[in-house]
Amino acid sequence: MEMHKFEKLVVNSDLFNFLYHKGVYNYFFNFINNELDGKALEIGCGIGKTTSWLAKRYNKLRIIAIDYDKEQIKIARKNKIANAVFEQGDGTKLKFKNSAFDYVIETGVFHHIKDYKKAIKETSRVLKKNGYFYLIDISQYFFMLWPIKLFFPPEALLTKKDFIEQLEINGFKIEKSKGRFLFFIAAKKA
């Protein structure tokens, strides 16, 4: 699902990206707490800011970064990142072969996917056995605040508990999780 214009304006802004990188993303790197090497799929790369940070932090990682929004991908492709490629794609219908990736990374995107359960199933399909799914997402509790729900409407309301339940149904073992409004999960495909 494409973001609404106002949300896209905010999320693509330099201020938002500065704050997100310094706060949330640095915390995400500490949460992962592993060196990533191999092939990764980033679902919901937007204009490529998160991809750039991943590529710098994990320079041995080969990243295929996808986003549903063709306009976002057009902007992302202007970033010349040696170990990353940008493609338009749908998280519920991934065009990749089974077991194609060592890692799947998602940062604040699945609440934009109405059928996020199907996207989790697809994530499991394209991830290798013993591969990792690292994610950050926003809980439905965050959207209870009416101004947020008004300006940043989600397509799916979910909680960390809901997400973990769907991960386990799809063959993941939860290694660790944190947070309630903004939650982090590290899951290993069994």
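Just so it is clear, the structure is predicted and the values come from calculations on it, not from any experiment.
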How are the rings of Phe184 and Tyr27 set relative to one another: parallel (under 30°), tilted (30 to 60°) or perpendicular (over 60°)? perpendicular
Do [X] and [Y] have side chains that get closer than 4.5 Å, going by heavy atoms?
X	Y	value
Tyr25	Thr50	yes
Glu42	Ile66	no
Lys188	Asn130	yes
Phe183	Ile136	no
Val104	Ile43	yes

For Phe31, does the six-membered ring have the charged nitrogen or CZ of Lys176 within the cation-pi criterion, i.e. under 6.0 angstrom from the centroid and within 45° of the normal? yes
Can you confirm if the NZ or CZ of Lys39 lies within 45° of the ring axis of Phe101 and under 6.0 Å from the centre of its six-membered ring?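 Judged by the rule, Lys39 and Phe101 form a cation-pi pair.
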Nearest-0.5 Å distance, [atom1] of residue [X] to [atom2] of residue [Y]:
X	Y	atom1	atom2	result
Ile63	Leu61	CD1	CG	4.5 Å
Asn98	Lys128	CG	NZ	12.5 Å
Lys189	Phe172	NZ	CZ	7.0 Å
Lys49	Ile75	NZ	CD1	10.5 Å
Ile120	Ile164	CD1	CD1	10.5 Å
Asp69	His112	CG	NE2	10.5 Å

Might you point out which heavy atoms bring Ser177 and Lys160 nearest each other, and give the distance in Å?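 For Ser177 versus Lys160, the nearest heavy atoms are OG-NZ, 3.7 Å.
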Out of curiosity, does Phe86 fall in the hydrophobic cluster containing Val126 (side-chain heavy atoms, cut-off under 4.5 Å, transitive links)? no
Do NZ/NE/NH1/NH2 and the carboxylate oxygens of Glu87 and Lys70 come within less than 4.0 Å?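 Result for this pair is no, no salt bridge flagged.
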Does a salt bridge link Lys74 with Glu71, judged by any charged N lying under 4.0 Å from a carboxylate O? no
Please check if the distance between the ring centroids of Tyr103 and Tyr58 is under 6.0 Å. no
As a quick check of understanding, evaluate side-chain hydrogen bond (donor to acceptor under 3.5 Å, both in side chains) for Glu175 and Tyr132, giving each step before the final call. CA-CA 10 Å; Glu175 295 217 331; Tyr132 281 89; 3.2 Å; yes
